[in-house]
Amino acid sequence: MSDSYFPVGPGLGMEENFLSLDDILMSQEKLPGRAESALPRLAVLLGQGAGSAESVPEGSKLEIPLWLAKGLYDSKRRIISVELPKIYKEAWRTVFSADANVVDLHKMGPYYYGFGSQLLNFENPENPEIAQTDSVCFLQTFIARFRRIMDSSQNAYNEDTSALVARLDELERALFQVGQKGLNDFQCWEKGQASQITASSLVQNYGKRKLTEVDG
């Protein structure tokens, strides 16, 4: 292949981009929920039985992959109901407000920002508050953690960074890598090992996406 491969970025907000590997992996994350009616032939898929023809009984508690929850969910027909994962509930929002840097986002959910925005696809008693505050909460969490992420990426030249990124979600890890690449490129340029500083691939890809949107 003569053309270079450029990774496809994740979608924004409530929409997923299924050309993005990150969004495909995120869609496998599971939501707690409940079967509001019997679900025929879904027992094996939802870990509720051994036979492919078995049904999930009404009232069963479930752990539903995001992609399947979005397919089954219908506010009028009440096929399933979906609950908020604990990391998005009020208690954890309070923790993030107090000190977002103490939370191991990767352990709690490797796609914290993207997965959280998907929750607005489902009706939930906390949704009015989530819709009003979570975009702000996500932004505040991101800002609070962003400075430390970039400081770490700029002060770890030729070092093992595995411990630094272990607590980051996938978006934050990508930002850390961008910071590391910028640092490495600058060090090479400063030592005369590079002829010029070029725009990062992240910036170049963003420019290409904007041009495509304009042409479309």
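The basis for the numbers below is simple: all heavy atoms, side chains too, and nothing from hydrogens, waters or symmetry mates.
At a threshold of 4.5 Å between non-hydrogen side-chain atoms, the residues Trp92 and Met108 count as touching. At a threshold of 4.5 Å between non-hydrogen side-chain atoms, the residues Leu25 and Glu170 do not count as touching. Side-chain contact between Phe142 and Ile149: absent, with no pair of heavy atoms (C-beta onward) separated by less than 4.5 Å. Looking only at side-chain heavy atoms (C-beta outward), Leu31 and Tyr73 stay at 4.5 Å or farther from each other. Side-chain contact between Leu39 and Ile80 is present, with heavy atoms from C-beta onward closer than 4.5 Å. A heavy-atom distance below 4.5 Å is found between the side chains of Pro85 and Pro32. Side-chain contact between Val165 and Gln177 is absent, with no heavy-atom pair separated by less than 4.5 Å. For the pair Leu105/Ile87, a side-chain contact is recorded, criterion being any heavy-atom separation below 4.5 Å from C-beta on.
Between Asn155 atom CG and Thr161 atom OG1 the span is 13.0 Å, to the nearest 0.5 Å. Interatomic distance, CZ of Phe115 versus NZ of Lys30, reported as 11.0 Å (0.5 Å rounding). With rounding to the nearest 0.5 Å, the separation of CG in Leu168 from CZ in Arg148 is 10.5 Å.
Atom CZ of Arg34 has more than 12 neighbouring heavy atoms from other residues, nucleotides or ligands inside a 6.0 Å radius.
With sequence neighbours left out, Gln180 forms a side chain to side chain donor-acceptor pair (under 3.5 Å) with no residue at all. Partners of Ser81 according to the side chain to side chain donor-acceptor pair (under 3.5 Å) rule, which considers only residues two or more places apart in sequence or in another chain, are Glu36. Considering only residues two or more places apart in sequence or on other chains, Ser162 meets the side chain to side chain donor-acceptor pair (under 3.5 Å) condition with Asp160.
Defined by atom type and a distance below 3.5 Å, a donor-acceptor pair is missing between the side-chain atoms of Tyr112 and Glu172.
Not a single donor-acceptor pair under 3.5 Å links the side chain of Arg173 to the backbone N or O of Pro110.
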